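Numbers restart at 1 for each chain; the letters A, B, ... are given by sequence-line order, proteins then strands. All figures in this text were calculated on a predicted structure; none of them were measured in a lab.
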Protein chains: 4
Amino acid sequence: MLEAADDLLVEVGYARLTIEGIAERAGVAKQTIYRWWPSKNDILMDAFVQDAAEALIPSDSADLRQDLRAHARNVAVFLTESDAGAVFRALTAQAQHDPALATRLRSEHLGKQRGYDRLPFERAVARGALDPGVDIDLAVDQIVGPIYYRVLVTGKATPPALTDALVDAVLAHLPPPHTEA
Amino acid sequence: MLEAADDLLVEVGYARLTIEGIAERAGVAKQTIYRWWPSKNDILMDAFVQDAAEALIPSDSADLRQDLRAHARNVAVFLTESDAGAVFRALTAQAQHDPALATRLRSEHLGKQRGYDRLPFERAVARGALDPGVDIDLAVDQIVGPIYYRVLVTGKATPPALTDALVDAVLAHLPPPHTEA
Amino acid sequence: MLEAADDLLVEVGYARLTIEGIAERAGVAKQTIYRWWPSKNDILMDAFVQDAAEALIPSDSADLRQDLRAHARNVAVFLTESDAGAVFRALTAQAQHDPALATRLRSEHLGKQRGYDRLPFERAVARGALDPGVDIDLAVDQIVGPIYYRVLVTGKATPPALTDALVDAVLAHLPPPHTEA
Amino acid sequence: MLEAADDLLVEVGYARLTIEGIAERAGVAKQTIYRWWPSKNDILMDAFVQDAAEALIPSDSADLRQDLRAHARNVAVFLTESDAGAVFRALTAQAQHDPALATRLRSEHLGKQRGYDRLPFERAVARGALDPGVDIDLAVDQIVGPIYYRVLVTGKATPPALTDALVDAVLAHLPPPHTEA
DNA sequence: CGATAATCGAGACGGTACGTCGTGTCTTATC
DNA sequence: GATAAGACACGACGTACCGTCTCGATTATCG
């Protein structure tokens with residue numbers, strides 16, 4: 001059922017995604033869908049949560065720059081090339097018109113994702129490679145913000161060269177750990 | 001007519017914005033709307049272009065940091081607080097499902113806007129305050145990207161402290177102009 | 001269960017009478033109803049047979065006119081004022097669209113009722129007060145026919161004055177018993 | 001459209017007559033039907049009024065018995081054999097559950113029909129062949145009542161022999177005009 | 001007297017039709 | 001000749017019941 005919704009979204013696009021279509025594709029009665037989900041967006045939300053659960057956990061190589069570069073590349077690929085990314089873009093779009101959906105999206109996905117995005121920095125702090133006073137959230141915004149912006153707004157590509165440059169720019173002015181030399 | 005569309009969008013939200021509603025509000029027959037605009041999105045697009053034409057041109061104080069900070073603040077306020085910003089968010093959302101709209105939005109608004117966003121940097125280069133080799137587009141992405149990202153995706157606030165920090169972070173590692181000492 | 005059906009019919013009318021409603025009202029699962037009755041009409045039919053069993057047996061006063069007048073009044077009151085009459089009208093209505101129901105209604109109720117309707121005439125013949133050659137069925141039709149017609153079709157009232165007049169009109173031209181003077 | 005409703009009623013019966021079916025048959029959108037008729041019964045009512053307008057006007061032969069016999073036969077044939085009669089039976093059935101429909105049926109059809117049913121008697125009175133004090137409505141009820149009763153309730157046949165007998169029975173005890181001998 | 005089956009409530013399910021809303025096209029009457 | 005008014009074919013909406021189908025839980029009987 002979630003699978004049917006997922007597939008149809010990718011096939012025909014959000015605009016032509018109908019509950020009747022999902023029901024027919026899933027071989028299910030319309031009422032059965034309404035029994036479990038109040039709206040099309042909730043179906044997509046569940047489909048997305050189910051699919052995207054595993055994704056976008058940064059690796060841990062003990063090298064902050066390397067981890068961030070890999071993670072930024074993964075975020076870009078997820079957003080632009082994966083099916084789950086297509087669902088995410090659709091949900092984000094709908095969330096602009098639907099505050100309840102926005103809340104769900106943030107509480108059920110973006111919160112966790114923010115945790116993953118912070119992970120490389122937190123590991124670096126833990127291993128003493130980064131000053132604990134660094135504003136990690138700001139750093140994360142500076143890396144992933146431009147990626148989402150390009151995907152959702154300008155439509156420009158987000159090649160590795162770009163994501164690498166974003167990472168490098170952020171790292172360039174992060175204070176090194178204070179060494180009592 | 002565009003006004004009616006504009007008002008209704010703000011009043012009832014995109015989801016409940018109908019062409020019949022716009023026609024009624026404008027005291028006009030539905031067909032008259034169809035004579036000029038092929039779709040709801042095109043009406044909004046025109047309404048947006050009309051309204052937002054003047055906005056978001058950066059000031060010129062001969063101080064790059066000061067100009068960028070002011071501009072970033074303006075972008076944030078436009079996106080979160082103005083009626084035109086609400087229309088922009090709706091259009092950006094719909095553009096996710098409608099490539100033609102995405103194209104219009106980019107060619108009729110974002111291109112010009114990008115020019116404005118670049119202006120402070122170009123002026124700084126012109127007055128010799130910035131190395132001409134700087135990747136201005138990257139710098140712009142790093143400043144405005146996180147703002148759009150917060151507004152469209154995470155829903156977090158974008159106070160002046162944040163936009164200032166973004167500007168400062170970008171300026172911190174921009175190479176100063178090469179001075180032949 | 002039959003009681004629940006009966007009550008609901010009188011309360012909400014046939015149009016809003018649902019099997020789910022009956023089940024809920026009777027505190028019973030829908031399937032339990034389906035175990036015993038194939039359809040809504042069959043439930044009503046059983047409810048009617050149970051309730052109406054006692055009704056409409058003509059008295060025997062040894063006076064044909066008096067018996068017929070009393071019986072005709074009873075028929076009119078049954079049809080217009082009793083709950084069982086309401087069920088009968090509903091069943092008769094449905095029988096127009098459902099031949100099987102029509103057959104049940106005739107075999108399980110109307111046949112017996114016709115026997116009761118004939119009784120005063122048969123008693124009169126037996127006691128020598130009526131010519132045995134009389135077409136009793138025709139006479140019955142002429143008395144009860146107009147009553148049902150008014151109730152089911154024209155909706156006009158059927159007061160005692162009317163039923164009495166019907167009886168009198170029929171009796172007026174019935175041949176007296178042949179007396180070999 | 002009315003034609004489609006009419007045809008479908010005869011073809012599939014009232015129980016399977018759906019508005020979607022009528023729409024499809026008439027090559028029309030469902031909404032177009034709802035624009036003009038609030039319910040299935042109203043469609044049938046209009047279809048019936050249109051079709052049955054001409055029917056059942058008694059002939060005038062200057063012979064009361066002959067006119068009544070012919071008219072009673074026509075009524076019986078109309079009810080049992082014509083398409084319009086099938087619609088009438090369905091409407092009468094639904095009118096049992098729907099007071100508004102009952103009212104329409106009476107005001108738009110039965111009133112006029114009652115006028116036709118009375119006509120032979122009124123003509124007889126006019127030509128001096130019938131006592132003006134006769135209760136014509138009662139006489140009409142006694143003739144057509146049993147016919148409707150047989151058709152709607154008992155389902156027994158209404159052959160000419162029966163309708164003739166009904167007419168004869170009524171005429172048998174009607175007072176002749178008072179002749180000043 | 002405890003295992004074993006029948007019966008029941010609850011309610012999910014695939015369906016059909018409902019009556020409503022909005023779309024984009026069209027015709028008609030007005031100014 | 002453009003416009004308001006609004007009818008129309010169409011597609012989808014969300015709802016109500018239909019009749020069928022598992023599920024446990026609860027009796028009720030029999031071993």
Check your understanding: Between B/Ala29 and D/Trp36, who's closer to the 5' end of DNA chain F by nearest nucleotide?
Key -> B/Ala29

Review point. How do A/Pro38 and C/Leu17 order along DNA chain F: which one's closest nucleotide is nearer the 5' end?
Key: A/Pro38

Rounding to an integer number of Å, can you tell me how far [X] [atom1] sits from [N] [atom2]?
X: D/Asn41; N: E/dG19; atom1: CG; atom2: P; value: 10 Å
X: B/Tyr34; N: F/dA4; atom1: OH; atom2: P; value: 15 Å
X: B/Ile33; N: F/dT3; atom1: CD1; atom2: P; value: 12 Å
X: C/Lys40; N: F/dC18; atom1: NZ; atom2: P; value: 6 Å
X: B/Ile22; N: E/dG24; atom1: CD1; atom2: C1'; value: 14 Å
X: A/Arg16; N: F/dC13; atom1: CZ; atom2: P; value: 14 Å
X: A/Glu24; N: F/dC13; atom1: CD; atom2: P; value: 12 Å
X: A/Trp37; N: E/dC13; atom1: CH2; atom2: C1'; value: 14 Å

Check your understanding: Which part of the nucleic acid, if any, lies within contact of C/Gly27, taking any heavy atom under 4.0 Å across all strands shown: a base, the sugar-phosphate backbone alone, or nothing?
Key ->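 Counting heavy atoms under 4.0 Å across all strands, the contact made by C/Gly27 is with sugar-phosphate only.
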
Check your understanding: Do A/Lys30 and E/dG15 share a donor-acceptor pair, side chain to base, under 3.5 Å?
Key ->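 Such a pair does not exist between side chain and base.
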
**Study point:** base_contact_polar (E/dC26 base, B/Gln31 side chain, donor-acceptor, <3.5 Å)
**Key:**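 Indeed there is one.
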
**Study point:** Proximal nucleotide (of E/dC8, E/dC18, F/dA4) relative to the D/Ile19 side chain
**Key:** E/dC18

Review point. Distance check: side-chain N/O of D/Arg35 vs OP1/OP2 of F/dC8, anything under 4.0 Å?
Key: yes

Check your understanding: So does C/Thr32 get a side-chain nitrogen or oxygen closer than 4.0 Å to the phosphate oxygens (OP1/OP2) of E/dC8?
Key ->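 No, C/Thr32 has no side-chain N/O under 4.0 Å of OP1/OP2 on E/dC8.
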
Point to revise | Which atom of D/Ala5 lies closest to which atom of D/Leu17, heavy atoms considered | key: O-CD1, 4.1 Å

Review point. Between D/Val151, D/Leu44, D/Leu110, which is the residue that forms a side-chain contact (heavy atoms from CB on, under 4.5 Å) with D/Phe88?
Key: D/Leu110

Review point. For the atom pair CD1 (B/Ile19) and CD (B/Glu24), what is the distance rounded to the nearest 0.5 Å?
Key: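 That separation rounds to 14.0 Å.
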
Review point. Given that B/Glu20 and A/Ala26 both sit by DNA chain E, which one's nearest nucleotide is further toward the 5' end?
Key: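 Its nearest nucleotide lies further toward 5', so the answer is A/Ala26.
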
Check your understanding: Cut-off 3.5 Å, side chains only: do D/Gln96 and C/Tyr14 have a donor facing an acceptor?
Key ->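 No - no donor-acceptor pair under 3.5 Å links their side chains.
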
Check your understanding: Can you tell if the side chain of C/Asp6 reaches within under 4.5 Å of the side chain of C/Asp83, non-hydrogen atoms only?
Key -> no

